[in-house]
Amino acid sequence: MLCSQEQEDAYLFGWNPTPGIVSVWANRQGEAVVWRREGERVHCSHERFWPWVLATSLTDLTAVGGRLCRVAVLPPPLSEASPGLIYYRELDGPEGTYRFLLFCADQSRLERMLLRGAARRLGRRLASLAELEDYYAVGPVEQYLMQTGQVYFRDLAYEHLHRLQLDLETTALDPHRGRIFLAAVRDSRGLATTLEAPREEDEPRLIRDLCDLICQRDPDVIENHNLFGFDLPFLEERARVLGVPLMLGRQGAPEAARRLRRYQETLAIGPEARRRLRYSVAGRELVDTLDAVRRHDFVVRDMPSYALKDVARYFGIASAERTYIAGMDIVETYRRDPERVRRYALDDVEEVDGLSRRLLGAPFALASMAPRRYERLVSAGPAMGVLEPILVRSYLRAGAALPRPSEQEAGSDGLYEGGAVHLFATGVAEHVVKADVASLYPSLMRTFAIGPRCDRLGVLLSILGRLTDLRLQHKEAARQAPPGSIEANHHAATQAAMKILINAAYGYMGAGKMALFADAQAAAEVTRRGRAILDQVVEALRRRGLALIEADTDGVYFAVPPEWSEEQERALVTEIGAGLPSGIRLEYEGRYRAMFSHEVKNYALLTYDGRLIVHGVALRSSRAEPFGERFLRRALLATMLGRVHEVRTAYLETVEALRARALPAADVATQVRLTKTPETYFASRQSHQEPAYEALIKAGRRQWFPGERVRFYRTAEKQYVWLPDENTEEVPAGQEWLALAPTSAEGETPLTTMERVRQSSKELAERRDYDVEYYIRLLTSSYAARLRKAFAPEDFEALFREDRQLSLFAETKPLEQIQPRWIRCQLPRSD
DNA sequence: GCCAACCGGGG
DNA sequence: GTGTACGGTTGGC
């Protein structure tokens, strides 16, 4: 089907030009409240819309005596419509598709009728429409946006949003065991302050002041890191206990909707559906930067941690003067030096703002395309959560029936072949190049016009094409605009949002029975062509005599001759790329000084500026004893540089350090997370002992919590010693540290239990009575073993033999003659 | 050694 | 008000 560009853009961006929407609230009775920003002012308007549900037939409705009235497009305005009637529109489409668009002034009433009819038809009880494939419904806000063609943020820049960051400091992680003593608040209009409750009785006041402050500042968005996982649940529980209402919503919404509301989000259907708490409040978007971080890492896959401080450093937005306090020290620091905790908490909200600027531009741009709330688009899955609502809106706009997922799709979940994975060589390579095909799957879809068969209007391919073109334009515009300008940010964020959608297109087709437009055959065709492209690249490299290392889906690692320059490497990639079908682009992704290939997707890379990058489980230590970690990095580096004697030295020095007990116990300790309650463990202790629990018991502890981390080491007497550290959360019997009342200025403050624990912990960490033989065995069997594939078997034995003297009896070659197993090119002779 | 189950983050 | 993460780690057999 041919589409005009105008129509394509209506598919992609909606068609209603209403500018500046910053929040929408709606209910199942067709009432919507829309807040629009015009500069510093926010206008609130009350709208009506027709709640709707899609159906494959009218039989359930007629069976329960529903009075139906057919309409051409929309029913008459709600105020003039007959209240008892169900209106419907017939959409274009074959039998079995969602051909009937049902409207009712009260969606709950409509759903009750449909459920009654369906229950009668099927002869079983039904709790919700979701159990039936005969109906398709979306939330009220989505209904409103899809019906009106409106989207958030039209003609608005991210910088115009009024964002507020909120961070709570509490005396414990669990609201049943601790309380809020400080809240840091800042916003994008210059606010930066703290609210404090040093004494327990001040907490209700703090919560009330916090609500007042938020309502007075009136932000569009409330942000924090782990907002849904920590701050809001904590705040909710404390407010509940103290009887303080959490009125955080915006003027204009019904009173009940202005209260903070909790709801469960079901993450996956399966034997055990995982649930997660979410919160919502009318008129403000609640945004968790942790969600944005997860999504970012989903693409880049190189973030070592999602913790706020780590992420801030990762993005280079952590200030040099930033105050750091270990989690469990915050309460006591506040007692002694409250100013320091204020700085710390304000640094937190500052970093959250920085993260927001860095990461939330893309969801912001998505919200100006997809018919969903901004807060949902921050964490929505790109396929079902973003792309599908766009497709649904397009079909409804075109008056076309939506396809119903076929039975075929139900059985095809992940059954087709995916990308190709090859391991060509193990060992150590130098002068390594990585080349990959840019956006392989979307390029294949576009080049070979592979879309879902059920997409009768061809919307998916149409918007994929439009997105690809627009993305290039925005990328270019971002380059042209002054760096850091609002304009540059806008184009950069828009291209990032478009990239998310482009990459979702393939995954969406393979999404299985839950996706309306799924087509496993089309998805299989995409991966088949993908494998063919990868094979073609691999063969081209092989023919030229380059040393293949590994290939995965859309990229390949190989080694080039040592004398090659980067220009030659790039020229080779360009040359091979020229042989690929037009529309498929091979890119030069990077070059590495060396690579240690261990297994598929398990390798180490050494960059030309000396950074060591380790990929995959097999090369990482799961136990993470610090001495072993240090050895492994040192040995990997030396191996990749071909400095075999340094590998040997690293090994011998580590063995020697263990023997001489030069390392403190903390260096050999491992950390484990407990899963069993004391009851469970004591029940099975006779038959099976576990070191982590034994360590706690030996230290006199009989109480612990599943989830607690325990650091311990093993002594020569085969005993396990607990090393409490800053991650240990122990609640002292009297909970005396919950009382934050300032202590008298003069005189010594008595040590709290936690201080005693930590003080003795420092002494323990310095002890040297560990099991030397055990840790030497561990060094060899767990850490050195990861280098096995870098050397010939006899060389490996020689390198990691503890005592060189013993080897005098065996015939060994001198260390100087040992080399890693090199992976090298065999260039065809040019004669 | 292999597989299923669990976790991520927050004070 | 609904959405299909995923890759690393741990614990049990």
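Since the model is a prediction, treat every value here as computed from it, not as a measurement. Order of the sequence lines fixes the chain letters, A, B, ..., with proteins taken first and strands second; residue numbering starts at 1 for each chain.
Both Y306(A) and L129(A) lie close to DNA chain C; mapped to their nearest nucleotides by heavy-atom distance, the more 5′-ward contact belongs to L129(A).
Applying the side chain to side chain contact (heavy atoms under 4.5 Å, CB included) test to P382(A) and every residue at least two apart in sequence or in another chain returns I500(A), A504(A). Among residues two or more places apart in sequence or in another chain, the side-chain hydrogen bond (donor to acceptor under 3.5 Å, both in side chains) test is passed with D347(A) by none.
N27(A) comes within contact range of no nucleotide atom at all, as no heavy-atom separation falls under 4.0 Å. Note on P233(A): nothing from the nucleic acid sits closer than 4.0 angstrom, heavy atoms only. As judged by a 4.0 angstrom heavy-atom cut-off over every strand, A307(A) is placed among residues touching the sugar-phosphate backbone only. At the heavy-atom level, L168(A) lies under 4.0 Å from the strands shown only through sugar-phosphate atoms.
OP1 or OP2 of dG3(C) has at least one side-chain nitrogen or oxygen of R376(A) nearer than 4.0 Å. For the pair R372(A) and dT2(C), the criterion of a side-chain N or O lying under 4.0 Å from OP1 or OP2 is met. Dashed line: the shortest gap from a side-chain N or O of R294(A) to OP1 or OP2 of dC6(C) is not under 4.0 Å.
For the salt bridge (Lys or Arg N to Asp or Glu O under 4.0 Å) with E351(A), the qualifying choice from K309(A), R186(A), R322(A) is R322(A), the only one to do so.
A cation-pi arrangement is not found for R179(A) relative to F181(A), the charged atom failing to lie both closer than 6.0 Å to the ring centre and inside a 45° cone about the ring normal.
Of all nucleotides listed (dG11(B), dG10(B), dT2(C)), dT2(C) comes nearest to the side chain of S128(A).
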